[in-house]
Structure formats: structure tokens, C-alpha cells
K.L.:
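Mind having a look at this structure? Questions to follow.
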Amino acid sequence: MSKMEVTRRDLLKFGGLTAVGALGATALASCAPAASAGSGSGTAAASGSEGYPAFLQQPEPITEFADTREFDVVVVGAGESGLSAVHAALEAGASVACVQNINTVQTAGNMAAALDLDKTDEAGIKACISFINYKSDWRSNRDVVEVWARNSQEALAWWEEEAAKGGIESQPYDYSLTYNGYDFYLHANTYFHIEGAHQAAALVIGDALASRGAEFFFNTPCVQLYKEGDRVTGVIGEGDEGHILFKASKGIIMATGDYVGNREMLDFYAPDTKGLHQAILFRDGSGLCAAMGAGAQMCAPSHTKMVHGEGAPVRFEMPFLFLDRHGERFMDEGCCRMGYLNEFSKQYLAETGFEDSTATKFFSIVPSNWQDYYEQWDALAPYDISTNNAYRKVDPEKWIHGDTFEELAQAMIDYANEQPWDHDYTVESIVASIERYNELVAKGADEDFGKRPEYLTPIEAPCYAVPRGANNIDAMLDGLEVDGNYQCLDADRKPIEGLFAVGNASGRFFGGGNYPMDIEGLSVGRAITTGFATGRYVAGL
């Protein structure tokens, strides 16, 4: 099948499925309890198989059910992607169930990005897709990214309008980027000004969908998937009264989010996250394991990770001097975006035995006239620096100030102790590092790290120290391998009948490595869009 292009046109009519094969029904595997990581593949193994981590062990199929319910579409997960899939399937005329492992809808992120198709021409659309691939080390699946490019405007417009009906107004942000000489235009919904942020929007959207006929089953985690022949036809949820079979005549959409709460899965698929703080524990990967039990494949390691850790006032992305937990310079500061900084901190996590994620924290030492450099530096590397983070302002009132280098150094030590951060700063080490940097600036050549000469700027007192450093894993952004229709693929890269995955439960959108923050809100925008497009697609099968 070709990739989905459903924006502004109704390609698919709501209709029936051909009869499935007459083979007996069987249910396949789910996650087992977490244990130590081991070696294995990206699909579930037979129960008791040696050499596989526990989460890939296949439990006995569940065959007895306290209740069976029948729908056209079953969505697993009630986050951005799940709610969007529910909406689109309802709009296409389907009966829809949504099963959720906790007691409410739950989203993450405060901003969602869409490609503005009214302003962006065809070459710009293709350049945007290539830009995302470039920022992902050329490992993205272009068909998967193109679904976002073609459908995000419509999907995010729906989300914004639906939230506004419930009293949650977006403060939109519009901007543009240029890649390979082609301009593309972006529109973002932002909810930073709302208490509860994006979650507030999700709550009112969930209520609206329920009022239109979607049935939500909270506190009902998906523990296995159900197959009839080669087709996945149901979701097995675990409720208070026992196991419930949710049959789906048209398809099942896995919108479970990622596995950031499952340390064993992190160690297996992203071992370079060791020592970082797991931000959200209820996203345990169990739905992904259920899909693997039905033959779906996880993307090959290593998976894309979103590592954050800085509030807006101190997310100061300009390449001045950086000092590590020892008060020493440790990198070419030209790579200053928060999303990539964890790559420079692994040695510091190791120094603490991977027991204290604050070992990744550092200070950016900034001259008082820092604003004078923004425009010329932005012209040199427009994808790498941002003083105002697009829709938010950095706030020097939240930075540390010193009238002398010694005063600044002592204030840095006091701040780190109050947090507390794991460090061994001394006034002497900090002052020596600043003075060494100024020597390199005077030479006009960075003999220590090779930073481009245009970024070499003297540090003179009075000056600032900005507390920085990313140490929270907020999400893992690679899930189940899918094609351009977001249909899950088996070990032979063939689509699995009846089974789809969206949002962070799907991949490869970013392709591994680090989440590129060069398009702000792309992760949430991708979640809403893929759920939206896939929900309509599945309902029309």
C-alpha cells in the first residue's frame, strides 16, 4: 500500500472487511516482569527461552475472558496519539474503544509542531522531510515522516480547535526554516501558559470524544493481543473482574507511548541512557511487548532518546564557555542544544557509579554583552543556537552573577550545593578555566577543542554563570517498525493484518540517537498527526 495522504480529502469510505481465515483464535505474548537485561532480538521469544531478557519472554496465551466487547476500532493508549486516533476513527463512522493502563487520559509535552501547507510549496515540503532525516543521521523512514508533513496541519488544527471548545486556548507560534535553499513554514500549538499545560487540553478533548460515543476503559492495561489466523483481531485488557477481550473488526491501533519507565527495556534498546533519570514511570512498554508477542518488530537499537533537564529561563543555547562538574572545560561548545548535551556527560555519570544523574550538570559562563553576538552567530549556524527558544525568553534574572571571577566562582559553588548537584568545584579551578579560555580567545585559535574562531569570545567580569545540563529521559522515540500506513511489520518486513502503531509506539521517525529539537514540538506534533491519520485510515478499511 502507498503511504497515507488523507489531508483535505476523503480517500477512504467506511466499509466492511472481508472474512478472516477460519483458523482457531489464539492470543500472543505480553511483557513479563522486569529482570536483568540480556541479549536477544526485537520479537518475543518462547516462554523459558534462555538468552532473552524477561520482557521478551512469552507467557501462556490467555483464552478465558470475563467479558467480550466488539468494536470496529480499538485504540490502546489515551495520550496525544491515542486521542487523535479515536477522534479520526469516530469521524470516519467507526465504533471505537480506547483502553488505558491508568485512570485518566495522559499526555506529555507543551508544544506541537505542524508544517504549514498554505505557505510551503512542494519543494519546501520535501526539504523539510530531508531536514528531519539529516538531523536524524539519515536514518529516518521518509514515508513515515511524510505522513506528518502531509497531515500535521489538519491534525493540529483539530486539536487546537477542540481544546479551545473546552476553554483551553493555544498561544500559537509561527516560524520558518531554510534547508538546501528551500523555505518551509511551521505552526505550533503551545500550552505553556496553562496550568497543567498540554494535559489540560487532553482532558477536555477526552471528555468531548466520550460524549460523541467513544468508549474509554481506564485502569485496563493491554496485556496481550488476540489473533485469528494471521490477523490481529483483538486486545486483551486486564480489568477488575478479570480479562476482557476487545474485538476489533477493522483494526487495532497501538498508541501506548514509549517504555521510558522500564529500565530493562532501556538497557536493551538504549544502553547509553544508563544513569539518567527516568522521568515517567507508568509508560512501561507493556503494550509494545504485547505487539511483539503478535509478531511485530521493535526498531533496531539504539533508539532515539529525548533528554531534557533545563527550564526555559536557563535554556541558553549559545556557544560560550562551558565548565563541567570539576570546573573544567569539556567540549567544543558549538554543539549547544539541550537535546544533544547528554552525549558529552556519560563520563561524569560513570564517575558517580551511575547513581547520581546531576553529575551531568554544568555551567555556561557568559559575558554581560551576550546579546551582541546573537545575530552574527545565528547567521553562521541557524540550526544550532537560539537565545529565546522561539516562544519563550531566557531570563538573566535566573542566572548567577559575579562582579569578579572569584565572586562568580563562589556563587556557582553555593548554587550547586543548594540544589544539590554532585560536583567538586573549587574557586581556583573555575577561575583557572576562565583564564585559560581567555588565552585561547586572544590567540584566535582553540587549541583545546577546535571551536570555530567566530565563537571565541572573551569572558570579562562582571559576567554570568548559567546552570545547564540535561539529565532526564523524558521519552524514547522509536517503537514498533511500521510502513508508510503505520501498519506494524513482521520479521520479514511484511505488514501484519489488523495491527497499527502511532506516536512514540512507532518508528523510525527520528532514526536513533538524540531527539533533534531543531523543529520545536515535533515529537508531540508527530504523535497527534500519526494518530489522526491512522485512525481515519484504519476506520476506512
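Bear in mind the structure is a predicted one, so any value in this text is a computation, not a measurement.
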K.L.:
With heavy-atom distances below 4.5 Å as the criterion, would you say the side chains of Ile205 and Trp158 are in contact?
P.N.:
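Yes - at least one pair of side-chain heavy atoms lies under 4.5 Å apart.
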
K.L.:
Among residues at least two apart in sequence or on other chains, which ones pass salt bridge (charged side-chain N to carboxylate O under 4.0 Å, His left out) with Arg325?
P.N.:
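For Arg325, the residues satisfying salt bridge (charged side-chain N to carboxylate O under 4.0 Å, His left out) (neighbours in sequence not counted) are Glu351, Asp422.
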
K.L.:
Between atom NZ of Lys494 and atom CD of Gln487, what is the distance when rounded to the nearest 0.5 Å?
P.N.:
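Interatomic distance, Lys494 NZ to Gln487 CD, rounded to 0.5 Å: 13.5 Å.
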
K.L.:
Taking Gln278 for its side chain and Val260 for its backbone only, find out whether a donor-acceptor pair lies under 3.5 Å.
P.N.:
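Yes, because the side chain of Gln278 sits within donor-acceptor range (under 3.5 Å) of the backbone of Val260.
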
K.L.:
Test your reading of the model: is there a side-chain donor-acceptor pair from Glu333 to the backbone of Phe322, 3.5 Å cut-off?
P.N.:
yes

K.L.:
Measuring from Glu146:CD to Ile132:CD1, what's the distance to the nearest 0.5 Å?
P.N.:
11.0 Å

K.L.:
Please determine whether side-chain contact (heavy atoms from CB on, under 4.5 Å) holds for the pair Val466 and Trp370, giving the CA-CA distance in whole Å, both sets of side-chain angles, and the decisive distance to 0.1 Å.
P.N.:
CA-CA 12 Å; Val466 185; Trp370 58 271; over 6 Å; no

K.L.:
Could you tell me the separation between the CG atom of Asp372 and the CH2 atom of Trp377, rounded to the nearest 0.5 Å?
P.N.:
10.0 Å

K.L.:
Might you work through the side chain to side chain donor-acceptor pair (under 3.5 Å) test for Asn471 and Ser357, ending with a clear yes or no?
P.N.:
CA-CA 6 Å; Asn471 65 327; Ser357 67; 2.9 Å; yes

K.L.:
Under the 3.5 angstrom rule, does the side chain of Ser506 hit a backbone N or O of Gly503 as a donor-acceptor pair?
P.N.:
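Such a contact is found between Ser506 side chain and Gly503 backbone.
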
K.L.:
Okay, side chain of Asn189, backbone of Leu156: is any donor-acceptor separation there less than 3.5 Å?
P.N.:
yes

K.L.:
Please examine the side chains of Asp118 and Gln153, heavy atoms only from C-beta on, and report whether any two atoms are closer than 4.5 Å.
P.N.:
yes

K.L.:
Flag the pair Lys119 and Asp174 as a salt bridge only when some basic side-chain nitrogen lies within less than 4.0 angstrom of an acidic carboxylate oxygen.
P.N.:
no

K.L.:
If you take all heavy atoms of Val502 and Ala255, which pair is closest and at what distance?
P.N.:
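Closest approach of Val502 to Ala255: CG2-CB, 3.7 Å.
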
K.L.:
Between the main-chain N or O of Ser140 and the side-chain N or O of Asn133, is there a donor-acceptor pair closer than 3.5 Å?
P.N.:
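Between the backbone of Ser140 and the side chain of Asn133 there is a qualifying donor-acceptor contact (under 3.5 Å).
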
K.L.:
Looking at Trp159 versus Tyr191, is the centre-to-centre ring distance below 6.0 Å?
P.N.:
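Centroid distance Trp159-Tyr191: not below 6.0 Å, so no.
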
K.L.:
Under the 3.5 angstrom rule, does the side chain of His303 hit a backbone N or O of Met298 as a donor-acceptor pair?
P.N.:
no

K.L.:
Run the ring-centre check on Phe316 versus Trp399 and record whether the distance is less than 6.0 Å.
P.N.:
yes

K.L.:
Give me the atom names and distance for the closest heavy-atom approach of Gln199 to Thr107.
P.N.:
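It is OE1-N, 2.8 Å.
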
K.L.:
Atom OG of Ser152 and atom CD1 of Ile528: how far apart are they, to the nearest 0.5 Å?
P.N.:
10.0 Å

K.L.:
Flag the pair Arg468 / Met338 as yes when at least one side-chain heavy-atom distance between them is below 4.5 Å, and no otherwise.
P.N.:
yes

K.L.:
Examine Phe510 together with Tyr515 and report whether their ring centres are nearer than 6.0 Å.
P.N.:
yes

K.L.:
Under 4.0 Å between a Lys/Arg side-chain N and an Asp/Glu carboxylate O for Asp446 and Arg329?
P.N.:
yes

K.L.:
Quick one: is the NZ or CZ of Arg452 closer than 6.0 Å to the six-membered ring centre of Tyr455, and within 45° of its axis?
P.N.:
yes

K.L.:
Do the ring centers of Phe184 and Tyr182 come within less than 6.0 Å of each other?
P.N.:
no

K.L.:
Just wondering, do Leu408 and Phe363 contact through their side chains at under 4.5 Å, heavy atoms?
P.N.:
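No, their side chains stay 4.5 Å or more apart.
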
K.L.:
Start with the C-alpha gap between Asp448 and Arg436, add the side-chain angles, then the distance that decides, and say whether side-chain contact (heavy atoms from CB on, under 4.5 Å) holds.
P.N.:
CA-CA 10 Å; Asp448 291 348; Arg436 167 60 179 167; 2.9 Å; yes

K.L.:
Mind telling me whether Tyr464 and His401 have parallel, tilted or perpendicular rings, with 30° and 60° as the class edges?
P.N.:
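His401 vs Tyr464 ring planes: perpendicular.
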
K.L.:
Nearest heavy-atom pair of Arg263 and Leu276: which atoms, and what distance?
P.N.:
NH2-O, 3.4 Å

K.L.:
Looking at side-chain heavy atoms only, is the closest gap between Lys305 and Asn342 below 4.5 Å?
P.N.:
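Yes; the side chains approach each other to less than 4.5 Å.
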
K.L.:
To the closest 0.5 Å, what do you measure between CZ (Arg283) and CG (Asn504)?
P.N.:
7.0 Å

K.L.:
Assess the residue pair Tyr486 and Tyr537 against the criterion (side-chain contact (heavy atoms from CB on, under 4.5 Å)); give the C-alpha distance rounded to whole Å, side-chain angles, the decisive distance to 0.1 Å, and a yes or no.
P.N.:
CA-CA 10 Å; Tyr486 279 76; Tyr537 181 81; over 6 Å; no

K.L.:
Heavy-atom distance under 4.5 Å between the side chains of Asp183 and Leu177, does that happen here?
P.N.:
no

K.L.:
Using atom types as modelled and distance alone, determine if a side-chain donor or acceptor of Arg536 lies under 3.5 Å from a backbone N or O of Ala88.
P.N.:
no

K.L.:
Which atom pair, heavy atoms only, marks the closest approach of Met265 to Gly285?
P.N.:
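Heavy atoms of Met265 and Gly285 come nearest at SD-CA, 3.9 Å.
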
K.L.:
Which pair of heavy atoms, one from Gly507 and one from Asp478, lies closest together, and at what distance?
P.N.:
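Taking every non-hydrogen atom into account, CA-OD1, 4.4 Å.
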
K.L.:
Assess the residue pair Leu456 and Lys451 against the criterion (side-chain contact (heavy atoms from CB on, under 4.5 Å)); give the C-alpha distance rounded to whole Å, side-chain angles, the decisive distance to 0.1 Å, and a yes or no.
P.N.:
CA-CA 7 Å; Leu456 291 174; Lys451 183 162 69 174; 3.9 Å; yes

K.L.:
Are the side chain of Asn151 and the backbone N or O of Val147 linked by a donor-acceptor pair below 3.5 Å?
P.N.:
yes

K.L.:
Below 4.0 angstrom, N of the basic side chain to O of the carboxylate: do Arg526 and Glu80 qualify?
P.N.:
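No.
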
K.L.:
Distance check, rounded to the nearest 0.5 Å: His187 atom NE2 versus Ser170 atom OG?
P.N.:
6.0 Å

K.L.:
Ignoring hydrogens and angles, tell me if any N or O in the side chain of Thr304 forms a donor-acceptor pair with the backbone of Leu477 under 3.5 Å.
P.N.:
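Side chain of Thr304 to backbone of Leu477, a donor-acceptor pair under 3.5 Å: no, none is there.
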
K.L.:
Given Met517, which of Lys135, His308, Met306 fulfils the side-chain contact (heavy atoms from CB on, under 4.5 Å) condition?
P.N.:
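Single pass found, and it is His308.
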
K.L.:
Return yes when atom CD of Glu397 has more than 12 non-hydrogen atoms of other residues, nucleotides or ligands closer than 6.0 Å, and no otherwise.
P.N.:
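12 or below, so no.
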
K.L.:
Should Leu203 and Val105 count as side-chain neighbours, where that means a heavy-atom distance under 4.5 Å?
P.N.:
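Yes, side chains in contact.
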
K.L.:
Write down the atom of Ala300, the atom of Glu481, and the distance for their closest heavy-atom approach.
P.N.:
N-OE2, 4.4 Å

K.L.:
Please say whether more than 12 non-hydrogen atoms of neighbouring residues, nucleotides or ligands are located less than 6.0 Å from CD in Glu375.
P.N.:
no

K.L.:
I'd like to know if the side chain of Lys361 and the backbone of Gly309 have a donor-acceptor N/O pair within less than 3.5 Å.
P.N.:
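Between the backbone of Gly309 and the side chain of Lys361 there is a qualifying donor-acceptor contact (under 3.5 Å).
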
K.L.:
Does the side chain of Ile459 reach to within under 4.5 Å of the side chain of Pro367, using non-hydrogen atoms?
P.N.:
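With C-beta onward as the side chain, the pair touches.
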
